[in-house]
Amino acid sequence: MSEASIVGSPLRTSLDEAGENTTARRAVRLPPGPPLPRAVQGAMFVTSRRWTVSQCMRYGDVFRLDVPVFGRSVVVADPALAKVVFTANTDDIGNVQPNLSRLLGPGSVFALDGTEHRRRRKLLTPPFHGKSIRNYETIFEEETLREAANWPQGQAFPTLQPMMRITLNAILRAVFGAGGTHLDDLRRIIPPWVTLGSRLTPFPTPPPAIARRGPWRRLAQYRSEYDAVIDRMIDEVRADPNSASRTDVLALLLHSTYEDGSAMSRTDIGDELLTLLAAGHETTASTLGWAFERISRHPGVLERLAAEADTEGNEYRQATILEVQRNRTVIDFAGRHVYSPTFELGEWVIPRGYSILVAIGQLHRRAEDFPHPRRFDPQRFVGNRPPTLSWIPYGGGTRRCIGAVFANVEMDVVLRTVLRHFAIDTTTTPGEKVHSRGVAFTPKDGGRIVVHRR
Ligand code: HEM
């Protein structure tokens, strides 16, 4: 507390319950943080953001940190305060800045805040309800079988790339409704584009003169090729007399309207489909890669999963998915940006312009909520729902991941399909190290396993 800095006292303007303007004076009060020069904090974070955050926990569950791209930040690893962040008035705090929308376009849900964000979420939510997702189960199973058809037997191979292809194809078919040449075109354009975009994400957007060259120029080329394919796909849905019976997200979006009767523009649809792909492809594949890495090192878990896969049940598989997401979290932060003059977070008062980073990975390692947190133990979730404040792989509140059910059902079906068709060897080799791909954390060796066809 003694290290908290009290700087300035901006006026805060807000509406009280009667809608009247009220002003309140709030003295900025920041949590403690490492007393290191900005450049050193930044270098530490870039070198290893996980290690940096765990080292800073000595300052408490909420601390100050200067990080590249997001700038002056407050990191939150306290579940109750994470809830305050997630449920805050969206006019006070919005999406973290900058965010992926600088690569995805201004029509992406990542770019929207406040009312615009609420309107878009309302439009996007129905296609991602459990009922809609059930339509996609066959797609998830078919893509797994197609990918696994040529898996080598008795020889170690990384699962991450196969999982990337499964999750990419699943989104292209279920979300974009792509088939035939469109599917082929998107499959050709998107993987190198996502890889490049993911690598460039941690870097600030360069000035135009640099953006016209090198990797940024390649990004722009991928984008224009993509736009041309999406344009053709939208024209086809519009010309299809049976499009009302289609279940893909593109067709559902083209048939829905905002409350005022207006529809999403073509460019917004293009940006949003790309957002769904960028947000849902690598995250789900990385989690699946970790699932194979984890279960091949835990014979008891693997045995139970294999036995259950021959039944219609999935209680243990679900518990395993929850535990993989906790024990090997792929997205470490859910970020917000302070727009109001000050934002109150427990005893702290954070000024406008600060980023707030909810430390998902750190919350997942709280011994208070998860006894022996380093242990991989799906049993902790059998018959027990995960604690909603500290198990948050999908973030929370108004910006909680829209694809959570999609990802969960997809991971369930992929695991079930692999376990039904293959016996996975167990291994005593040490767990794979964690590798940062820019956005997601993946198993360093790609989640290698050895399988035999059953
Ligand atoms: C295991 C897989 C996944 C993980 C771990 C994951 C994680 C996350 C996280 C942490 C956020 C930020 C939430 C926040 O700021 O509070 C997010 C947002 C989002 N996710 Fe996911 N996600 C996954 C799969 C998917 C899938 C499959 C889709 C769609 C097909 C998707 C679409 C989105 C979208 C559109 C947002 C932005 C929501 C908004 O800003 O309103 N995600 N996800």
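Counting convention: from 1, in listed order, for ligands and their atoms alike. The chain is numbered in sequence order, starting from 1.
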> Salt bridge check: are R238 and D235 linked by an N-O gap of less than 4.0 Å?
no
> What atoms of ligand 1 come within less than 4.0 Å of a heavy atom belonging to A334?
14 (C), 15 (O), 16 (O)
> Measure from NZ or CZ of R297 to the centre of the six-membered ring of F376 and say whether it is under 6.0 Å with the direction within 45° of the ring axis.
no
> Should one rank M411, R121, E282, H281 by closest heavy-atom distance to atom 38 (C) of ligand 1, which comes out on top?
R121
> side-chain hydrogen bond (donor to acceptor under 3.5 Å, both in side chains) with H255: which residues, sequence neighbours excluded?
S243
> Any atoms of ligand 1 less than 4.0 Å from a non-hydrogen atom of R336? List them with their elements.
14 (C), 15 (O), 16 (O)
> Looking at ligand 1, is there an atom of it that comes within less than 4.0 Å of some heavy atom belonging to H117?
yes
> Hey, is the main chain of R448 close enough, under 3.5 Å, to the side chain of E432 for a donor-acceptor pair?
yes
> Look only at interatomic distance and state if T398 has a nitrogen or oxygen under 3.5 Å from any nitrogen or oxygen of ligand 1.
no
> Look at the rings of W151 and F157 and say which category their plane angle falls in: under 30° parallel, 30 to 60° tilted, over 60° perpendicular.
tilted
> Counting each atom of ligand 1 from 1 as listed, which ones have a heavy atom of G396 under 4.0 Å away?
16 (O)
> Suppose I only count heavy atoms of T284 and a 4.0 Å limit; which atoms of ligand 1 are within that range?
1 (C), 2 (C), 24 (C), 27 (C)
> Which option out of G94, A174, A111, P393 puts a heavy atom nearest to atom 5 (C) of ligand 1?
P393
> For the residue pair H364 and F370, does the interplanar ring angle fall in the parallel (under 30°), tilted (30 to 60°) or perpendicular (over 60°) class?
perpendicular
> For atom 40 (O) of ligand 1, what is the nearest protein heavy atom, given as residue, atom name and distance?
R399 NE, 3.1 Å
> What pairs meet the salt bridge (Lys or Arg N to Asp or Glu O under 4.0 Å) rule with one or both residues in residues 67-83, with sequence neighbours excluded?
D66-R72
> Under a 4.0 angstrom heavy-atom cut-off, which atoms of ligand 1 come close to T287?
1 (C)
> Specify the closest pair of heavy atoms between G447 and F292, including all atoms of both residues, with the distance to one decimal.
O-CB, 4.5 Å
> Protein N, O or S atoms less than 2.8 Å from atom 21 (Fe) of ligand 1, ignoring waters?
C401 SG
> List the residues meeting salt bridge (charged side-chain N to carboxylate O under 4.0 Å, His left out) with R118, not counting sequence neighbours, and say none if there are none.
none
> What is the nearest protein non-hydrogen atom to atom 37 (C) of ligand 1, stated with its residue, atom name and distance?
F110 CE2, 3.5 Å
> Does E323 reach the main-chain N or O of D377 with its side chain, forming a donor-acceptor pair under 3.5 Å?
yes
> Do R134 and E137 sit within salt-bridge range, that is, some charged N less than 4.0 Å from a carboxylate O?
no
> Say whether Y136 and E410, considering side chains only, have a donor N or O and an acceptor N or O under 3.5 Å apart.
no
> Could a heavy atom of F333 be found less than 4.0 Å from some atom of ligand 1?
no
> Using a 4.0 Å cutoff against the non-hydrogen atoms of F86, which atoms of ligand 1 qualify?
16 (O)
> When you check the side-chain N and O atoms of Q318 and N408, is any donor under 3.5 Å from an acceptor?
yes
> Using non-hydrogen atoms of the residue, decide whether Q325 is closer than 4.0 angstrom to ligand 1.
yes
> Tell me which one of R266, R120, R223 satisfies salt bridge (charged side-chain N to carboxylate O under 4.0 Å, His left out) with D271.
R223
> If we only count N/O pairs under 3.5 Å, is N95 in contact with ligand 1?
no
> Counting from 1, what ligand 1 atoms have a heavy atom of F406 closer than 4.0 Å?
27 (C)
